[in-house]
Structures are given as C-alpha cells and as structure tokens.
Amino acid sequence: PSVAISTSQVRALLLSENRQTNVTTPMGNMMLEIQGDLEIPETSHADDRFSSHEGVDIVKFGLLHVNMETKSATLFIGKKQRLLGSVVKLDTPLGLLKFNHKSGTVEMQDIFSYKVIFKNRPLPIM
Amino acid sequence: KNFRIWVRYKEGFSDAVRKNVSWHDLWS
Amino acid sequence: STNLYSRLSCDPSYKLVQLTPELLEALTSDEPQLQFKCFDEKRSDVVLCSARRTWLLRQKNHSNTVMLMREFLPEDEQTQEDSSLFGIPRPINDLLGYSRTTYEYETRATEGRINLDLVPIYNGEVNFPGESKLKGRTLKDVFDNSPSSETECKVRWYQLGGCVVNGCPCILSPDMLSNALHVTLMSALAESLDFDRLHPCETYEVVQKDVEKGRSPYVLEVVRTVLAKFGTPNDDETWKLNRRQVAQWYGVRALQKFASRHSVPLEEFLIKWKSTFPPFAGFDIDIKMLRGWFCEPTRGTVQYVSKDTLPVDVKDRFKMLFKLQSQWDLEAFAPFIEDLNTKGLKIDTFIMKYARKRRIGKKIVVCSR
C-alpha cells in the first residue's frame, strides 16, 4: 500500500517565504496546547455558548489574549479558570496532514512554526 | 446547566513513548 | 483577544508530522512528491519516502491536549459584555477548534527495502518468465510497491542482482550471476576492454562473440546487471569495475565450493580462490575481504559459514559462533552480528552485552562469557 501526500499548498507557502510569525499561520490555523484535559460537553445544551457552524455543533469555551511583544498568553476557560502561558517557537515545525478516508488521499495543508502553550496550573478568575 | 467547560490539570508531561506506525494506524 | 470555540465532536482525520530540515528540503525540491509506503497493510511499518530518501515513521505520544484551530466567522455574532472579558481587550476574531491530537509523527532516516514478493529468480531458462505471477508488471511496479525511495530502489535492485528479462523483472540466481560475471570478465579481457570504462552495449557485443551460437542467456540486460552490481557508474553511462567486490564474490563462491563440508588450510584455500578467476585477470585477494563468510575452527584453517544457518535470536547466534570458533578478532566477529544491532549501538558495546572482550597484545579478541 502507498499514498502520495499532496504538498502543493505548503510547497507554495515555503517557496513564497511567507512564514508564520504570529500565533496563527498565514493559512489561518493555530495550535493550542494545554497541560491537562480540556473537558467540553459532547452534546449541545440550551445555553448561549452553544451554536452551530456549517451544520456542526460548536461551543464557545474560552477567551485568548496574546501579547506578541512579551510572547505571553492568557486563556480564560469557561467562567471559572484562568491559565497563564506563552507563545513558543517550535524546535521542529509541524506539518498538518489531512487524511481523506473516502478518497484515500492525504494532503499536507499547513505548517505550524509556533504554538500557544499553557503548562501552569489554572488559577481562579477573581 | 448540566455541563462543564473545564481544564483538568495534569502535574507532569510525558512524551517518552514511541512506536512504529502500521498502515491501519495511519488511517485510524 | 480571540474567542475560542470548539466542535463538540472533533475531526480525527488530522495528524501532525515533524518537518525536519531533510523533509523541508524534499518539500521544496522539484522532485516528485512525498509518499507514505508500507510492505503490507497488517504487519509492517509505514515509511515516508521522497524521491531519494526513506524515513521510518514513529508515533510519539504525549499527555497534553493539543487542539488545532482555524479562523472562522461565527454564524450568530454575539456581543460580549465587558464583565465577561475579565479585564482583557475585546475579542476581534474567532477561532474554531476542529481537531485534537495526542501524538506527533517523527521521522527517522532508514534504508529503503525492495519488495521482492512475486519477483521470480532467473537461472537462464529458455521460456522465461512462463506463467510468472509478475507477468505484465514492470520494474516501476516493483519499485512502486516497495517501501523505499526510487533512487534507493534503483541502487538496491542491482545490488540484489535484479534484472529485466523478456520484459519481466527478476533476480538473477547466484549461479546465473556467477556465470554471467565470469563470461563477461573473460570476454572483456579477450578484447582488452578498459575495466574502468565498461559500456553495457559494447560489453554485451564482446560477450556474444564468445558464447555459442544459438540462444545465449547473457542478454543485454543481464550484462547490464553484472556491470551495475559489480561496478560503480561513471558520468558517461560506462561502469568502473569494482575489483574488490568481484574478488569478494569469487572468494565467497570458493568458500562454498572448497570449504563447506570441512575446513581447509588457509594457504590451500587462497590458491584455490585465485584459480577460480579468469586467467590473467589480475585480481588481488586477501582473506580479510571474506570476513563475515568464514570461521577459523583451528588456527590456520578456514571454513565457510552460511548466513542462512545463523540463528535469528542474538543469544543463540553468539552461542553458535563461539561453538564454531572459541575466540575471534573483533573485526572478524562484527560482520556476523551487526544485523542484530537494531538499536544502532557502537558495535563493541553491542558485542559486550553478550560476550567478553580480552586484549592480547595489540589485538582485541572476543570470546564467550
């Protein structure tokens, strides 16, 4: 078995030298990492935070503030938790692979050079 | 409201485990 | 600030792979694309291949939550009260988490391997390939089905004695290869061809002069395989014969012929080895070339050790080797066990896990524990 990885999108990115310098990539993706389990409901509830997007149920779970000068980040989870973290440059960039099970194809859609990471214990929101 | 949006913190971080990948793993 | 949303059920079809400098180089090169390949679906390991290189894929699990998010426009825009902003600036954009991952793929450089399933052996048969299951398939098909880059496939193919006879990819049998090599050398010597610049077509022509009229098994492709297996390419489609490799081949065949059933005095073996070459061939020989193929059961004698008889289990292999020969020079011992050193340790570190090392004068010898 074998499958080619479609790389035209990231190849164009790399050759254009349009690299990620912010928390979001030029393609609009972001990597969020938390040292812990992020618990989110599996089903929708009658609450403002629940809505849908393109036919898929979604929930608003937090608010993120990033200071690119100091590379610090604050993440508010729900109504009760506050996490302090940072914007970190990855030692090795990560390619984002999308596996399409119907067509049996693989595409490398983006490259992450940074992530926002929260390693500290959550604090209460005062 | 019977739901929770919450981070359950973990004291440490581990990433030492590595394994080879089978074709089935790749597509799982 | 940014509003963060998440899908209630995340999309599991996204994965992350570490992009090492080699992979980034492969991504930006003009060569064909990267591929995931595997020997078979059930048991074997997936590799990542560029046109020239192969990497083993390794899954590195971790214990954190990693969420992949992208910018999006919520369908129902909600204004946020200041009290729910916790003192930070108002949100100006929105991100939607669409996938979570608990591992990354790492890549480790490895050797590509050729999938020889269904590739028949060619021993000079008249009606080759007959009803071979590989009939109708090309060499490109064999390479496509192999967990290896194309460049490595091409090199490895000839190292294995790979050939294409009557349109069918095949492996030349050891006898066929030996005979083809011998005939090629004899013919090239007779016509005073330059061993440093052998062209396949010219070499084939001189071989045809020397074989009996009628059907010769030494077709152009066979001659090409001989040159590619026993030579290194020059810039101009010619091959430079690797004399050491040729001498080694003759040496192993001589060990199989003269020193299989019982050991033979070294001096006698060297004479016999030399006699197997074409006359006036002028190949230098040295018993050290054959390390990994013989043992010295008693001082000054040699005996062939077939790789097929070596146990796969490391302890059993060490035991067998010390039974054949109680004490080995480190350099003579290493070729017999290096394939078992899968973790890539320094060879003497690996050997010391299962044997003892002693210094005798300037030499290091290995013996059982």
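In what follows, every chain begins at residue 1, and chains take the letters A, B, ... in the order their sequences are listed. All figures in this text were calculated on a predicted structure; none of them were measured in a lab.
- Looking at C/Lys15, only its side chain comes within 4.5 Å of chain B, counting heavy atoms on both sides.
- Side-chain atoms of C/Val314 and C/Asn341, non-hydrogen and from C-beta on, never get closer than 4.5 Å to each other.
- Ring geometry for C/Phe333 against C/Phe318 counts as perpendicular: the plane angle is over 60°, on a 0 to 90° scale with 30° as the lower cut.
- Using a 4.5 Å cut-off between heavy atoms, C/Tyr105 touches chain B through its side chain atoms alone.
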Set out, in order, the CA-CA distance, both residues' side-chain angles and the distance that settles side-chain contact (heavy atoms from CB on, under 4.5 Å) for C/Leu95 and C/Phe72, then state yes or no.
CA-CA 6 Å; C/Leu95 287 169; C/Phe72 84 118; 5.6 Å; no
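- For the residue pair B/Ser28 and B/Asp25, no side-chain donor N or O sits within less than 3.5 Å of a side-chain acceptor on the partner.
- Note on C/Arg58 versus C/Asp45: no salt bridge recorded, every NZ/NE/NH1/NH2 to OD/OE distance being 4.0 Å or above.
- For C/Leu57, the parts lying near chain B are the backbone and the side chain together; criterion is any non-hydrogen pair under 4.5 Å.
- At a 4.5 Å heavy-atom cutoff, the contact between B/Lys10 and chain C is made by side-chain atoms alone.
- Of the two parts of C/Glu104, neither the backbone nor the side chain holds a non-hydrogen atom closer than 4.5 Å to a non-hydrogen atom of chain B.
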